[in-house]
Amino acid sequence: MIQRIGCAAVAVLVASLTGPALAEWKVLPPSDQRQPRPEAVPPGAADIKPGDPWPNDDKYRWMIGELTIPERIDEQPVAGKPVALQFNCGDGGEVHVDGRLESRYDNDHPALVLLAEQAQPGRKVRVDVQVYAKAQGGDSFGEARLVVVDARRALQPLALTVRPGRVTGPVPDGIIGLSQGGGMSDYEPATARKLREGGFRWFRMDNVLTGTVKKSENGELVYDFTDLDKRVDFIHAVGADPILAASYMPQVFDAVPDHNRQSAPRDYALWEDLCYRAARRCLERGRRVPFWEVWNEPNTGWIKPGPDDAGKEAFTALYRKAVGRDDVKPETVRTFEAYARLYRATARGVLRADPQAKIGGPALASGPFEEGPGVNGKGFARGLMLWCEQEKLPLHFLSWHEYFQESSMIAREADTFRAYLRDFPDLEKQVESLMITEWNEAWWANRPMDHEIGAAWCADGVVRAIIPHRIRRPCFFYVKQNDMNFRGDFSLLMKDNLPKPSYHVASIFNHLTGNWVEIGGADGEICGVAAWDAAKTRLAVVLVNYQFRYGLRRRVRLSIAALPTGLRGGGWREFLVDAAHSNVWHDAGQAVLFKGREGTAAGPAFTYEATMPANSIRLLEITR
């Protein structure tokens, strides 16, 4: 009799020779912490099958299985073919095959692990799965299915070629920056040094003006920039350019009561004066702020219109023109009116103090679309352009936020912003860059941000979207948590500045220099970039193995037909970020960037071969 999971946690998979659908799973008691892989299945295990509920709690559970390779899968004979297991259960976990860690997964990024390269029906394979305690939450045993994998994908090396003589453009000074909502967990010199080591060249902070103004007992406004000074000083210590999001509203300026500080100002002249004072303060202290972003996510209601932001006919007409239709919601127009007026006041105030400052927005929550994944994005993006054109306001950069989406969506967002700009030739000449001022694998607590899946998501986005679609300043959200609690936190750094895998990925990209050179042969799973710096005599190649769902470990063979002369006879070395390397989640004692193999590049030709696990990053470096 099959017992529902109640005491749960180690499972055995026994597959019938007729196919994977008749598999049986068993589970054993949970644990408060991650545990070593069990040696055997204890007696008394409870049964569970795909589709059954899984406890959505703070417990860890192992699954163990002796899987028998069937003769046929989906009516297809399997003898001699690659056979893999598609797996998804709970909030996430890791899958081991015959004692080897193959892949981590979460409920949005299910696993695909190879069980046999050349299947022999009747052969048993031990499968161990540790299902993690919840971070986001996953309440079912979603999938355990055998599949036959294309042999070219599973077995054959993907042929990649690098041509150092074919330059495609300069490598920018920094590729990944930082973003912080609210204040930092600390402003210690050690934290600044760690971020400087990571090569971060810009740092966006919001919520920088919220506490700058109060009223004295006699009713006078009192300005205090202590917190602003501390933040800008820290960014300066990191060696980064500040991007300050002019936000949020000091309580004494509120047009409507709002404890989240999202109110529009009761008097836009007060806000303009505050922006003037803040920009002037930074200049006077020798801490100039080159970029000012106006507010934060106004398209989703993060600004609350005041009584005077009434949805006037002029703004209604402008918003209708922006979206290209007449059926616009009055409340959306009121919110846009508040944002447009706030943008004008911010630009006027900042530029009065610092005429060389760059002003931009609209800091959208997701892309410039009306629906999916954004909301009101087109209206606020095109509406801002129409407003700047009408009011003769500057628009030096366009900004938005993106989490979780595949790299193809991020590329589409950048292309759409540029398509809108083509309708505004004068503004198109002004806009110097696109910025994703908040960017990470998820906008909720999510386990991949603790380990290599989140790092691979970032790396894939850099290679497939950020670099080719010229998104100049992506800002990783956010910097640091001040503990060692693995809870799916956004942070790059943990307590004592221990880096997560995403920090290593950012550092790898940020230390690329010279010129991009041609790299060919990528597919939907493996991608990469190559940079040749003749002055430093360094050729660096970054390879990424990431697929949104069912990523598989892959073999790669990278060839360089003709090494630059200065590299011949030099050395090569590889650095790994994956499930078992450079990964604080896997081993907090080995969280530094891991150096793997090394050798001599005799030249003139060079070949590098590797097996890349799912959700992994490789840096290949060849130097004099």
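For E438 and Y403, the side-chain atoms include at least one donor-acceptor pair closer than 3.5 Å. Of the N and O atoms on the side chains of E452 and N615, not one donor lies less than 3.5 Å from an acceptor on the other residue. For the residue pair H96 and E102, no side-chain donor N or O sits within less than 3.5 Å of a side-chain acceptor on the partner. For the residue pair E143 and Y550, a side-chain donor N or O sits within less than 3.5 Å of a side-chain acceptor on the partner. Donor-acceptor pairing under 3.5 Å is recorded for the side chains of N446 and W444. Neither side chain, K59 nor Q33, offers a donor N or O lying under 3.5 Å from an acceptor on the other. With hydrogens and angles left out, the side-chain atoms of D533 and T513 include a donor and acceptor closer than 3.5 Å. Checking S491 against K480 by side-chain atom types alone, no donor-acceptor pair falls below 3.5 Å. In summary, the side chains of E402 and S366 do present a donor paired with an acceptor at a separation below 3.5 Å, with no hydrogens or angles considered. With no hydrogens or angles considered, a side-chain donor-acceptor pair links H109 and E441 at under 3.5 Å. Side-chain contact check for D483 and Q481: at least one donor-acceptor pair (N or O, by modelled atom type) lies under 3.5 Å.
The list of salt bridge (charged side-chain N to carboxylate O under 4.0 Å, His left out) pairs with a residue in residues 599-610, not counting sequence neighbours, reads R557-E609.
S179 approaches T437 most closely through the heavy-atom pair OG-O, 2.7 Å.
Taking the six-membered ring for Trp and the full ring otherwise, the centers of Y132 and W54 sit at least 6.0 Å from each other. If you look at F548 and F404, their ring centroids are closer than 6.0 Å. Taking the six-membered ring for Trp and the full ring otherwise, the centers of F477 and W439 sit at least 6.0 Å from each other. Ring centroid separation for the pair F594 and F575 does not come in under the 6.0 Å cut-off. If you look at W400 and F417, their ring centroids are closer than 6.0 Å.
Judged by the 6.0 Å distance and 45° axis criteria, R34 is positioned over the aromatic ring of F486.
Among residues two or more places apart in sequence or in another chain, the salt bridge (Lys or Arg N to Asp or Glu O under 4.0 Å) test is passed with R412 by none. Residues passing the salt bridge (Lys or Arg N to Asp or Glu O under 4.0 Å) test with R166 are E518, sequence neighbours excluded.
For E117, the CD atom counts as densely surrounded, since its 6.0 Å shell holds more than 12 non-hydrogen atoms of other residues, nucleotides or ligands. A 6.0 Å sphere centred on NZ of K495 holds no more than 12 heavy atoms belonging to other residues, nucleotides or ligands.
Relative orientation of the F141 and F87 rings is tilted, given thresholds of 30° and 60° on the angle between their planes.
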